[in-house]
Every structure is written in C-alpha cells, then in structure tokens.
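Computed over heavy atoms, backbone and side chain alike; hydrogens, waters and symmetry mates excluded. One-based numbering along the sequence shown.
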Amino acid sequence: MTLIPILDNVLYQSQRQGRISFYMQSAGEEAAIIGSAAALMPTDEIFGQYVSLPRQTVLTRQREGGALLYRGFTLQNLMAQCFSNAEDLGTKGRMMPIHYSSPEHGFHTITSPLATQYDLELFPGYS
C-alpha cells in the first residue's frame, strides 16, 4: 500500500512532463484498492471500470493498478503498460496508459469509448 503513492507520484510527473498521455492518481483510495483485492480469491476476476454519475462528467475508476500489484503483477510490467512500450507483455504497447490488462492475473481491461460499455462483469457468468 505504501508503493502506490510513490508510483502515483512518478507516473503523474511523467504525465505532466508529456512522457505518457494521461494518468489518474489513487490518492486516498489505496486502502480500498488493496482491501478489495485482498478480499478476492486468487481465481476471481477483476474488471477495470468506468463509473457514470448522473449530471456529471464521467468519473473514471482506472486506479486498479494496486490490485494488480497485489496479485503479483510486476512493477516493470505496470510501468511498461503505462508507457505503452514494447516490454508491455499484456497489450504489447497497443493500449492507452492505465488500461491495464493481465489475463494470467485475472484482470480484464477497460475500453476507452464510453458508448461501448456494457455490464462486462456479467459476461463471465454466461460463459
């Protein structure tokens, strides 16, 4: 949990310097992220998500990087996905920053266009 604020600072500064296109900090949400990841079984799936609030802009909830780190995702892989480089094993550098993906850790990525968002967490139940 103490790694998340350090990681947030490094990646937020990288975003401010133009090295990555965007980054959203987890300030104040570290315990919720790690606590929810700890409550899940290792075989449970994690879905990155957007949350829409009435009469407001979209509140983005893409701060699940800490849950991936809790599950054993390496810091090198997390940084590679944020910087969208060739070392990104999950998405091979084709995804936008903080759209984390790791099938081996049971983490499903989000998509950016909001109009395509369905209740994706329902689909594994159908399979």
Side-chain angles (χ1 to χ4, degrees):
M1 219 165 72
T2 58
L3 176 63
I4 297 173
I6 297 167
L7 185 64
D8 276 351
N9 188 34
V10 169
L11 290 171
Y12 182 70
Q13 293 302 320
S14 297
Q15 185 265 328
R16 299 292 296 162
Q17 295 168 5
R19 296 177 187 198
I20 59 178
S21 60
F22 68 94
Y23 185 77
M24 288 168 272
Q25 294 178 309
S26 304
E29 299 179 357
E30 298 91 344
I33 295 166
I34 300 300
S36 60
L40 296 173
M41 299 294 294
T43 56
D44 289 340
E45 305 290 320
I46 298 176
F47 292 86
Q49 61 180 336
Y50 279 108
V51 177
S52 297
L53 298 175
R55 294 191 207 164
Q56 291 183 332
T57 58
V58 175
L59 172 67
T60 52
R61 303 286 302 166
Q62 300 173 317
R63 299 171 176 98
E64 291 93 349
L68 267 172
L69 291 172
Y70 182 85
R71 285 207 169 177
F73 199 66
T74 66
L75 191 55
Q76 181 179 356
N77 286 340
L78 190 86
M79 296 298 274
Q81 285 200 5
C82 285
F83 283 90
S84 301
N85 62 26
E87 296 177 17
D88 175 9
L89 302 177
T91 62
K92 298 180 178 39
R94 294 185 210 120
M95 215 30 139
M96 295 171 65
I98 68 170
H99 286 58
Y100 306 114
S101 177
S102 180
E104 58 272 6
H105 293 97
F107 192 92
H108 300 267
T109 190
I110 64 168
T111 58
S112 290
L114 297 179
T116 64
Q117 293 297 311
Y118 295 102
D119 289 331
L120 296 176
E121 52 277 350
L122 299 175
F123 294 139
Y126 290 123
S127 59

_side chain to side chain donor-acceptor pair (under 3.5 Å): pairs with one or both residues in residues 72-81, sequence neighbours excluded_ =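 For residues 72-81, and leaving out neighbouring residues, the side chain to side chain donor-acceptor pair (under 3.5 Å) pairs sorted by first residue read Thr74-Asn77, Gln76-Glu87, Gln81-Asp88.
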_Residue pairs, two or more places apart or on separate chains, that pass side chain to side chain donor-acceptor pair (under 3.5 Å) and touch residues 6-16_ = Asp8-Tyr23
*Under the ring pair (Phe, Tyr, Trp, His ring centres under 6.0 Å) test, which residues partner Phe73, sequence neighbours left out?*
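If we apply the ring pair (Phe, Tyr, Trp, His ring centres under 6.0 Å) test to Phe73, skipping adjacent residues, the hits are His105.
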*Check the pair Glu30 / Thr2 against side chain to side chain contact (heavy atoms under 4.5 Å, CB included), numbers first and verdict last.*
CA-CA 8 Å; Glu30 298 91 344; Thr2 58; over 6 Å; no
Pairwise distance [atom1]([X]) to [atom2]([Y]) - rounded to 0.5 angstrom:
X: Leu69; Y: Ile33; atom1: CG; atom2: CD1; value: 10.0 Å
X: Cys82; Y: Leu11; atom1: SG; atom2: CG; value: 4.5 Å
X: Leu68; Y: Tyr100; atom1: CG; atom2: OH; value: 8.0 Å

*Using the test side-chain contact (heavy atoms from CB on, under 4.5 Å), find all partners of Ile34 that sit at least two apart in sequence or belong to another chain.*
Met1, Ile4, Tyr70
*Can you name the side-chain contact (heavy atoms from CB on, under 4.5 Å) partners of Asp44, sequence neighbours left out?*
Leu40, Met41, Arg71
*Check whether any side-chain heavy atom of Met79 lies under 4.5 Å from a side-chain heavy atom of Val10, and answer yes or no.*
yes
*How would you list, by chain and number, every residue that makes a side chain to side chain donor-acceptor pair (under 3.5 Å) with Ser21, sequence neighbours excluded?*
none
